[in-house]
Amino acid sequence: MRMKRTFFLFLLALLAAGTGTAQNANSGPAPKPVVPAPRQLLYQQQETIGFVHFTVNTFTDKEWGDGTESPQIFNPTAFSADQWAQTFKQAGLRTLILTAKHHDGFCLWPSRYTEHSVKNSPWKGGAGDMVGEVAEACRRAGVRFGIYLSPWDRHEPSYGTDAYNTYYLNQLRELLTHYGPIAEVWMDGAKGQNAKDMEYDFEAWRALVRELQPDAVMFSDAGPDVRWIGNEKGFAGETCWSTMDKDKVTIGKADPAYLNAGDPAGKDWVPGECDVSIRPGWFYHAAEDDKVKSVPELVDIYYKSVGRNGTLLLNVPPDRRGLLHETDVARLTGLKATLDETFRTDLAAGKKATATSTLTGSAFFNPGNLLDGRDNSYWSPEDTATQPAVTVDLGGNVTFDRASLREAVRFGQKVKGFTLEAMVKGKWQTLAEGTTIGYKRLLRFKPVKASQVRLTIRESLGKPVLSELGLYKAAKAEGKAGRSEP
Ligand code: FUL
């Protein structure tokens, strides 16, 4: 009965909130909103996911192998997929994407299409399957599993000819059929300089992924499901739309600024993924053991990725033992503990909210829904509202220095401009002015002691639908990095 009622209310919300051509007093008639596919919504809800770069490079101390490496050098001495997956689980990295094959062409599974793989390595006497072991360990840990199959292959002799597209397709089929559900398929556009003529057959590869793993999201510069954010620092733009035009992007030649900001006029939903390594390199190098990013640096990256409507893809490369290094594990633990502490107590939870305008006809859109900690209840103003605002009465003075805003992106991403203010000693003071919100927007400002908070939506593409307004006090361990920056 309860299920039915919730479903009915959701349908009502769908009708009223997002679809159709809403009028907005600020922006005029809005186009039909672009919305995420269920697989993309699920993907955005992961927030933080992880990368594992591991191959012959780990043993040669290189970032890019040239394909001449002997499989004999691949021999982790204490490999434990469970250590990787359990560490990811504890760190809140909800997907593990493994380099099944990097640019050097060495395969971490015994592919039947090449001899350049674990089957000719000393690891487990050539009988091992690292992709299989990691997939299993992820399932045990409750972490989703994804694969990076590098299109650029510096070993495979057919590379540079059309036959290579079939080789890649065959390997993709192995990976998509032997290892259970695949959450994400990661492809980049890197190419060899001497292989300018190699045209990757992305169309055929994508069709195979859709056919064999319809729930998997596909990553590349041009999506189709998830796009590169345009840098390898883990930073989304201050303005970051989940929409863009896929046709405007050529894989490997994309304009990083376009990918970083997305495109409010874009007709495709392709949220941004912010990849970055916990170390300077993507692969493990002992010489970088003292260059692992600190907890404040990682927290800063979190605010600039997840806090700007992106997903954080954090790379943690195993060492020659086949284990995540102690320092990296300690930093991940520190990151998780710090974020948990900051976001444990929402100081706005359950307080009283009023709005200058609320969509009538259903309690489903009341502003109090922003304070109930649920992402499936919403506030939305009337169609005709100009610069609608929600005010939260904190019932006395409260000190905070972080805010979290969320749009209900299942109805599309609408907000183009907002202001957050606080009532301090009887006067409104601006805490932050921003452009986009999207799935999640986190704001940092100096601590304020305030009795009320006001969020004004200055501009939007049609009627905005918000699901959260949270207030927090930062954990001390966040440190100084980026503290004053909104
Ligand atoms: C790039 C590669 O060239 C790097 O080695 C690394 O794998 C990074 C995540 O993607 O395209």
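Remember, it's 1-based here, ligands and their atoms both numbered in the order they're listed.
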| request: Pull out every atom of ligand 1 sitting under 4.0 Å from any heavy atom of Glu232, numbered as shown with elements. | output: 1 (C), 8 (C), 10 (O)

| query | Can you find an N/O atom of His102 closer than 3.5 Å to an N/O atom of ligand 1? | reply | yes

| Purely on distance, is any nitrogen or oxygen of His103 under 3.5 Å from one on ligand 1? | yes

| Are any of the heavy atoms in Trp152 under 4.0 Å away from ligand 1? | no

| note | protein heavy-atom neighbour closest to atom 11 (O) of ligand 1 works out as Asp188 OD2, 2.6 Å

| request: Please work out whether any backbone atom (N, CA, C, O) or any side-chain heavy atom from C-beta onward of Phe283 is under 4.0 Å from ligand 1, and answer side chain, backbone, both or neither. | output: neither

| query | Got a sec: does the NZ of Lys267 have more than 12 other heavy atoms crowding it under 6.0 Å? | reply | yes

| field | Distance-only donor-acceptor check, side chains His116 and Thr114, under 3.5 Å | value | no

| said: I'd like to check which ligand 1 atoms, numbered from 1 as shown, lie under 4.0 Å from a non-hydrogen atom of Trp64. | reply: 3 (O), 4 (C), 5 (O)

| said: Both conditions, 6.0 Å and 45 degrees, for the charged tip of Lys304 above the ring of Phe235: are they met here? | reply: yes

| said: Using 30° and 60° as the class boundaries, would you call the ring planes of Phe202 and Tyr200 parallel, tilted or perpendicular? | reply: perpendicular

| request: Classify the side-chain pair Tyr164/Asp201 by whether it contains a donor and acceptor separated by less than 3.5 Å. | output: no

| said: Quick check on contacts: which atoms of ligand 1 are under 4.0 angstrom from a heavy atom of Phe51? | reply: 9 (C)

| request: Please say whether the positively charged group of Arg406, taken as NZ for Lys or CZ for Arg, lies over the ring of Tyr439, i.e. under 6.0 angstrom from the six-membered ring centre and within 45 degrees of the axis. | output: yes

| If you draw the axis of the six-membered ring of Phe418, does the NZ or CZ of Arg441 fall within 45° of it and under 6.0 Å from the ring centre? | no

| Polar contact flag for Trp282 and ligand 1 (N/O pairs, less than 3.5 Å) | no

| task | Starting from atom 6 (C) of ligand 1, locate the nearest protein heavy atom and write down its residue, its atom name and how far away it is, to 0.1 Å. | result | His53 NE2, 3.4 Å

| said: Looking at ligand 1, would Trp228 count as a contact under a 4.0 Å heavy-atom criterion? | reply: no

| field | salt bridge (Lys or Arg N to Asp or Glu O under 4.0 Å) contacts in which one or both residues fall within residues 104-127, not counting sequence neighbours | value | Glu115-Lys119, Lys124-Glu133

